[in-house]
2 protein chains.
Amino acid sequence: MERQSEIPQLLGDLISRNSTKLTEADTRLLDVMMQDPIRAAMENGKAVSFRAGVHPASAVRLARRLGFKGYPEFRTFLQANLIEGGGDFESPAARMAARLVRAEDGGVLSSVLDSEIAALQQVRNAVSDADVRGFSEVLRDCRRVFVFGRGHSAALASLIALRLNRSGYPAVDLASQMHLIAEALATLGPGDVVWLLAFRKASPLIHQIRKIAAERGAKVLALTDLLSARIDPAPDRQISVSRGEAGESQSLVVPMTIANAVILDLAAIDDGRSLRALSGFKAFRADCGLSPVIL
Amino acid sequence: MERQSEIPQLLGDLISRNSTKLTEADTRLLDVMMQDPIRAAMENGKAVSFRAGVHPASAVRLARRLGFKGYPEFRTFLQANLIEGGGDFESPAARMAARLVRAEDGGVLSSVLDSEIAALQQVRNAVSDADVRGFSEVLRDCRRVFVFGRGHSAALASLIALRLNRSGYPAVDLASQMHLIAEALATLGPGDVVWLLAFRKASPLIHQIRKIAAERGAKVLALTDLLSARIDPAPDRQISVSRGEAGESQSLVVPMTIANAVILDLAAIDDGRSLRALSGFKAFRADCGLSPVIL
DNA sequence: GCGGCACCGCAAGAAGTAATGCAATGGAAA
DNA sequence: TTTCCATTGCATTACTTCTTGCGGTGCCGC
């Protein structure tokens, strides 16, 4: 099949090449397709031809006329066009291949960078601004925050608690207070928020804490990967991100970035509370009289 | 079907709503879908399940578990989500416009992602594989590691210490042991390594610790940004990176990624020591008899 | 260690989609 | 006007995709 050697890169190209032999029905079909290429690439021949007001058989014949073996092959072409042309959306396979090539000639660093960047790119698809806003709204309206994570997530939990405190939101890192955890949970009530972090394996403690929060009417935020997404009862707000490539990514880059976005968004919706607290903290540190060694 | 009155606007939403009943196969499928929602919306159940490495039947069952009548209805939902909400793959121009609109009305997430990705890209120019290797070699040949960071860096320090320990390198996070810091430093000697972390403002403690390490013949690694790069006397190895735009990027993404690269590189040059320790740790956790609540 | 339970893959059957032979319509040339 | 040809729509056939009952397997609680 010589078409392979000269696959038109665009639908428009393809049309102009064959414009002489196009019929009335073909035109109607292509018109509909050009108006909404996304739908065209997703729908099946029957649906497209219905929208074009022609018989499904015409869609098949158009595909063949354009040089494809059948309609499915035509649709595959449309899809490939969209995905490739889409800029950020290389196919995962292509991305993986690129990474392997780079990993071969480069060292560890560039391959780590590649995989972190790819993971961050994927966040665009997996997490919406509404998700972030959901978290920040809950935080804005709460009295106290308890952050909890075990293992690697513990580091992230302490960072989140630190940043929330500096933004004027009373936050406690439960993991660093394990010996006081019962006391902390005992005072939990409506108006409090528990922010859970779980990756790769949700600690049983996570579930117990979630249960206690439910009983006491505290809200629950959960930032997890898909492996740890099962929390019962479901958190009030949850953001689940892909755990990335098959490789055991130990990285906290993605969740940390999401947490950063939440805290930044919080500052955008709390009428200056965060900003005031931050500058207050700065001033305090400057002239509190404490030794700089301690700070 | 009452689902119609409350159709979740996003796949993520839908996952968190049903997160409790998701199975292993479901997770694999959703993972693949989240990584490339466009493909997922276009492909049929068979293709998606193949990419996820599960049986097509699992795709159907996932769809039903999520509340759809069957897989086709699930795919229709995915498509609808993309068309109205995402705009993730309109023409490049349209996408750019959409991004601007989103950024204007507060799309914090994507701007955070952009700046983190840009910061990671810069690392390629600022840090070489030789720098990474320099760190990992020092770590490989040392007896003990002391990691130190204040403020935000403290979270990173604890993460580094945790990972080094799991890799079989005795490491202590000094910041979490502030009350014992004198005792720890008192035993410092040749063969020990101090890994310093400093960003935006090097704590005076950093300099004192560096001085003590010099007197006692311990090696010093420093991971800093350019503002905190002046440590006297100079560390044995130092990596200085820009943490992103001039804006007050509080993010630890860049240093964390470099630390990850170092630890990964360490595993590549220590003849299996890291790998053995990691699998040893895994085995220990599995049958040490300790309550999983603690771990 | 033994039942009970949930999950997964398999494979047969059901549903839906695509392809093709055939007849009807409409237009152009003889 | 008649004939021929292209194109469309319909209906049937062929094919792909989806669904579902069944048996094997692993895990948890007893």
Side-chain angles (χ1 to χ4, degrees), chain A residues 1 15 18-33 39-79 201-204 207-208 226-230 232, chain B residues 1 15 18-33 39-79 282 285-287 289-293 295:
Chain A
M1 190 184 297
I15 293 171
N18 304 69
S19 57
T20 55
K21 14 177 186 167
L22 293 183
T23 72
E24 169 67 16
D26 293 340
T27 308
R28 306 258 298 266
L29 278 165
L30 289 171
D31 192 38
V32 166
M33 288 175 164
R39 278 186 77 176
M42 289 180 177
E43 291 175 339
N44 57 35
K46 191 180 163 191
V48 173
S49 53
F50 176 81
R51 285 200 292 136
V54 300
H55 198 273
S58 301
V60 178
R61 289 169 182 139
L62 166 62
R64 308 211 62 151
R65 213 164 277 135
L66 293 178
F68 299 94
K69 219 164 59 187
Y71 188 84
E73 195 179 295
F74 181 34
R75 187 179 49 201
T76 302
F77 164 81
L78 292 174
Q79 293 177 353
K201 209 100 197 182
S203 154
H207 297 107
Q208 296 183 2
L226 289 166
L227 278 179
S228 317
R230 312 161 79 166
D232 183 48
Chain B
M1 189 182 300
I15 293 170
N18 303 73
S19 56
T20 56
K21 10 179 187 167
L22 294 182
T23 72
E24 168 66 19
D26 293 340
T27 304
R28 306 257 297 266
L29 278 164
L30 289 171
D31 195 33
V32 166
M33 288 175 166
R39 273 186 83 175
M42 288 181 179
E43 291 176 339
N44 56 38
K46 191 181 163 190
V48 173
S49 52
F50 176 79
R51 285 199 292 133
V54 301
H55 197 274
S58 298
V60 179
R61 290 175 180 134
L62 168 61
R64 307 212 63 151
R65 244 190 292 271
L66 293 179
F68 299 95
K69 222 164 55 188
Y71 188 83
E73 194 179 297
F74 181 33
R75 187 178 48 201
T76 302
F77 163 80
L78 292 175
Q79 294 176 351
K282 207 169 174 180
R285 182 157 63 172
D287 48 45
L290 286 177
S291 155
V293 173
L295 303 170

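Each chain gets a letter, A, B and so on, in the order the sequences are listed, and its residues count up from 1. Just so you know, these numbers come straight off a predicted model, no measurement behind them.
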Heavy-atom pair with the smallest gap, counting every atom of B:A59 and B:Y71:
O-CD1, 3.6 Å

Whether B:T23 contacts C:dC8 is assessed here as follows: a side-chain N or O lying under 4.0 Å from the phosphate OP1 or OP2. Is that the case?
yes

Whole-Å distance between C:dT20 C1' and A:Y71 OH?
18 Å

Correct closest heavy-atom pair for A:A40 and A:L78 would be O-CD1, 4.3 Å

Value in whole Å for how far the C1' atom of D:dC10 lies from NE2 of A:H55:
5 Å

May I ask you to say what A:A25 touches in the nucleic acid, namely base, sugar-phosphate or nothing, with a heavy-atom cut-off under 4.0 Å?
sugar-phosphate

How close or far is atom C1' of D:dT19 from atom CZ of B:F68, stated in whole angstroms?
17 Å

When we call it a touch if two heavy atoms are under 4.0 Å apart, what does B:P56 touch: a base, just sugar-phosphate, or nothing?
nothing

Closest to the side chain of B:P72, out of C:dG9, C:dT17, D:dT19, is D:dT19

Using whole Å, report how far CG of B:L62 lies from P of C:dC7.
12 Å

Atom NZ of B:K69 and atom C1' of D:dC18 are separated, to the nearest Å, by 13 Å

Please determine whether any donor N or O and acceptor N or O are separated by less than 3.5 Å between the side chain of B:R75 and the base of C:dG16.
no

Among A:M33, A:M42, A:R75, which one satisfies side-chain contact (heavy atoms from CB on, under 4.5 Å) with A:V48?
A:M33

Protein-nucleotide distance (A:R61, atom CZ; D:dT8, atom C1'), rounded to Å
7 Å

I need the CZ-P distance between A:F50 and D:dG9, as an integer number of Å.
13 Å

Under 4.0 Å, counting only non-hydrogen atoms across every strand here, what does B:R64 touch: a base, just sugar-phosphate, or nothing?
sugar-phosphate

Taking C-beta and beyond as the side chain, do B:T23 and B:L62 meet within less than 4.5 Å on heavy atoms?
no

Base of C:dG9, side chain of B:R28 - is there a donor-acceptor contact under 3.5 Å?
no

Which whole-number value in Å describes the distance from B:N44 CG to C:dA18 P?
11 Å

Proximal nucleotide (of D:dG9, D:dT17, D:dT20) relative to the B:A57 side chain:
D:dT20

Between atom OG of A:S49 and atom NE2 of A:H55, what is the distance when rounded to the nearest 0.5 Å?
8.0 Å

